[in-house]
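Here is the structure we will look at, set down as structure tokens.
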Amino acid sequence: MLDVRLIREQPDAVRRGLATKGGADLIPELLELDADRRRLVRESENLKALRNKASEAIGQAKRRGEDAGAEQARMREVGERIKTLDIELKSVDERLEALALQLPNLPHPSVPEGKSEDDNVEVRRWSEPRTFGFPPKPHEEVGAALGLDVERAARIAKARFAVLWGGMARLERALAQLMLDLHTREHGYTEVWVPHLVNGETMLKTGQLPKFEEHLFKTVEADEGRPLYLIPTAEVALTALHAGEVLPEVSLPRRYTAFTPCYRREAGTYGKDMKGIYRQHQFDKVELVKLATPAQAYAELESMVANAEAVLQRLQIPYRVVERCIGDLGFSAAKGYDIEVWLPGQGRYREISSCSNYDAFGGRRAEIRFRPDGGGRPEYCATLNGSGLAVGRTVMAVIENYQEADGSVTIPQALRPYMDGLMRLTPR
RNA sequence: GGAGAGGUGGCCGAGUCGGCCGAAGGCAGCCGCCUGCUAAGCGGUUACAGGGUUAAAAGCUCUGUCCCGGGUUCGAAUCCCGGCCUCUCCGCCA
């Protein structure tokens with residue numbers, strides 16, 4: 001969420017910032033509502049001050065045994081007027097917040113121009129794709145022989161689910177473990193275990209609601225309690241952990257990691273990436289989340305990307321890093337990078353991680369603040385998040401990059417300790 | 001699932017028949033004083049949000065906040081209703 005005060009004081013700068021991302025057209029109405037709100041607040045509060053004084057006088061009069069009926073009647077009317085104003089104020093506040101929630105974050109000045117992911121800018125590449133002595137197969141073909149089973153998954157659930165048998169299931173688990181160990185032992189993250197179902201308020205505070213409801217799986221409690229939502233990423237749970245809190249500045253940055261399944265409806269992607277497990281309703285991810293001061297946030301973004309890259313380096317799989325352009329930044333991000341892994345079966349780089357700095361936009365929405373070291377008023381934290389990595393897509397990358405002519409897959413060195421020294425997955 | 005108790009400031013804890021309660025007292029913190037050191041002692045101070053004033057900040061001032069949302073009342077921490085959460089006992093359970 002953007003600071004309404006910033007919009008009020010520098011509407012033109014905000015309008016320029018939102019030019020590509022959209023939402024600038026909402027500003028006039030927002031400014032009008034803001035002016036209405038302040039007018040109503042002033043009037044209501046003046047009347048409340050009057051009433052408070054009068055009520056005190058009535059109390060004193062009554063204690064002296066005097067009659068205060070006339071004054072009480074007068075205040076009854078004032079009370080009615082206040083009630084009317086407050087109802088109006090509440091309605092203005094609600095409309096104002098609904099509008100403010102629709103405004104995306106302002107891009108950082110360093111973010112490249114561009115409309116779609118095609119305009120993203122490659123920042124660096126790591127390692128060279130290996131040369132195969134045979135035509136490399138896509139992961140769904142390599143995987144089918146090794147225990148990747150989408151047919152039965154579709155039967156017991158629906159399309160876009162998978163069953164992993166034997167070594168493939170083991171590979172999934174081993175990768176998650178490798179990632180968690182790397183981030184907790186070498187990158188300073190604290191491992192957190194979180195609920196996979198969260199309430200609507202948490203979804204609102206982390207920017208999933210109201211805008212992205214169609215992407216979420218929603219549950220209904222049997223006793224008609226508030227609905228809970230399946231998390232689309234551990235980011236929502238991790239970021240919301242400190243919602244409403246004021247953290248000491250010395251405790252920043254905080255670095256959290258969690259291994260969870262992610263559940264996404266994938267509405268509007270029918271027919272897209274239907275083969276294999278690139279796009280699933282359920283997938284595992286090791287997520288990275290940081291809370292930082294706005295001053296630390298951009299350096300923390302760089303190190304977060306490096307932390308995610310380290311996973312692919314361990315696995316010896318080629319990738320490139322692209323900086324997302326304004327049009328591909330997403331709603332909440334001020335700046336962000338994607339890591340794209342090389343998939344020889346597809347002959348191209350595909351997204352395996354997305355790291356973003358939401359800066360104070362995220363902290364304001366979730367109400368996460370910090371108390372500056374020298375004292376003073378609390379300020380909003382910057383929130384950052386990134387995949388480190390999406391486990392299912394890493395499985396894809398491993399089996400495509402390490403496939404052999406006979407249909408087997410070599411287990412990367414770094415992964416063997418997590419698979420009892422197993423060197424190879426062979427067709428079943 | 002059944003029965004009961006409760007949610008007050010950074011923490012503990014008091015709030016009488018609704019007014020003088022943004023809230024006693026204690027602890028912790030900060031500033032100063034005092035004292036060979038330490039401990040003790042003395043004085044002051046310590047929430048958040050929003051509005052107004054200001055170029056802005058500080059300051060001043062007003063409003064709201066005693067879990068959340070409604071209601072009663074001239075006036076609610078205090079009374080009433082709903083929700084959320086916590087605890088105790090019984091039952092069930094990985």
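Keep in mind the model is a prediction, meaning the values are calculated, not measured. Proteins get letters first, then strands, A, B, ... in listed order; numbering begins at 1 in each.
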* To do: Could you point out which residue of Arg350(A), Arg393(A), Arg160(A) forms a salt bridge (charged side-chain N to carboxylate O under 4.0 Å, His left out) with Asp273(A)?
  => Arg350(A)
Does the side chain of [X] get closer than 4.0 angstrom to OP1 or OP2 of [N] through an N or O atom?
X	N	result
Arg369(A)	rA49(B)	yes
Arg37(A)	rG51(B)	yes
Asn52(A)	rG19(B)	no
Lys90(A)	rG70(B)	yes
Arg371(A)	rC48(B)	yes
Lys48(A)	rG52(B)	no
Arg5(A)	rG51(B)	yes

Figure out the [atom1]/[atom2] separation between [X] and [N], and round it to whole Å.
X	N	atom1	atom2	result
Glu245(A)	rC48(B)	CD	P	16 Å
Asp86(A)	rG50(B)	CG	P	17 Å
Leu47(A)	rG75(B)	CG	C1'	15 Å
Glu201(A)	rC85(B)	CD	C1'	13 Å
Arg39(A)	rC62(B)	CZ	P	24 Å
Ile368(A)	rC48(B)	CD1	P	18 Å
Arg42(A)	rG64(B)	CZ	P	17 Å
Glu379(A)	rA57(B)	CD	C1'	14 Å

For nucleotides [N] and [M], find the distance between their [atom1] atoms and express it as a whole number of Å.
N	M	atom1	value
rG9(B)	rG71(B)	P	25 Å
rC89(B)	rC27(B)	C1'	33 Å
rA24(B)	rC34(B)	C1'	28 Å
rC12(B)	rG18(B)	P	28 Å
rG15(B)	rG22(B)	C1'	13 Å
rC66(B)	rG51(B)	C1'	23 Å
rA94(B)	rA5(B)	P	31 Å
rC20(B)	rC79(B)	P	16 Å

[N] - base-pair partner by Watson-Crick or wobble geometry, distances under 3.5 Å:
N	answer
rG41(B)	rC33(B)
rU63(B)	rA49(B)
rC74(B)	rG19(B)
rU88(B)	rA3(B)

Side chain of [X], heavy atoms from C-beta onward: which of [options] has the nearest atom to it?
X	options	value
Ala49(A)	rC62(B), rG19(B), rG64(B)	rC62(B)
Glu45(A)	rC62(B), rC48(B), rG19(B)	rC62(B)
Ile58(A)	rG19(B), rU63(B), rG51(B)	rG19(B)
Val41(A)	rG70(B), rG19(B), rG50(B)	rG50(B)
Arg377(A)	rG19(B), rA49(B), rC48(B)	rA49(B)

* To do: Kindly state which residues belonging to residues 65-81 of chain A come within less than 4.0 angstrom of RNA chain B, counting heavy atoms of the residue only, listed by number.
  => Gln72(A), Met75(A), Arg76(A)
* Considering the options Thr394(A), Thr260(A), Thr233(A), which one meets the side-chain hydrogen bond (donor to acceptor under 3.5 Å, both in side chains) requirement together with Lys285(A)? -> Thr233(A)
* To do: Taking the side chain as every heavy atom from C-beta outward, state whether Glu300(A) and Asn357(A) have any atom pair closer than 4.5 Å.
  => no
* Could you check whether the rings of Tyr189(A) and His187(A) sit parallel, tilted or perpendicular, using 30° and 60° as the cut-offs? => perpendicular
* Between the side chains of Tyr229(A) and Gln208(A), is a donor N or O closer than 3.5 angstrom to an acceptor N or O? -> no
* Given that Arg38(A) and Arg51(A) both sit by RNA chain B, which one's nearest nucleotide is further toward the 5' end? -> Arg38(A)
* Using the closest heavy atom to pick a nucleotide of RNA chain B for each, name whichever of Arg63(A) or Lys83(A) lands nearer the 5' end. => Arg63(A)
* To do: Taking all heavy atoms of Ala267(A) and all of His215(A), pick out the closest pair and write down the distance.
  => O-CE1, 4.0 Å
* With a 4.0 Å cut-off on heavy atoms, is Arg8(A) in touch with a base, just the backbone sugar-phosphate, or nothing at all? -> sugar-phosphate
[X] bridged to [Y] by N-O distance under 4.0 Å:
X	Y	result
Glu71(A)	Lys62(A)	no
Lys275(A)	Glu140(A)	no
Arg15(A)	Asp25(A)	no
Glu266(A)	Lys272(A)	no

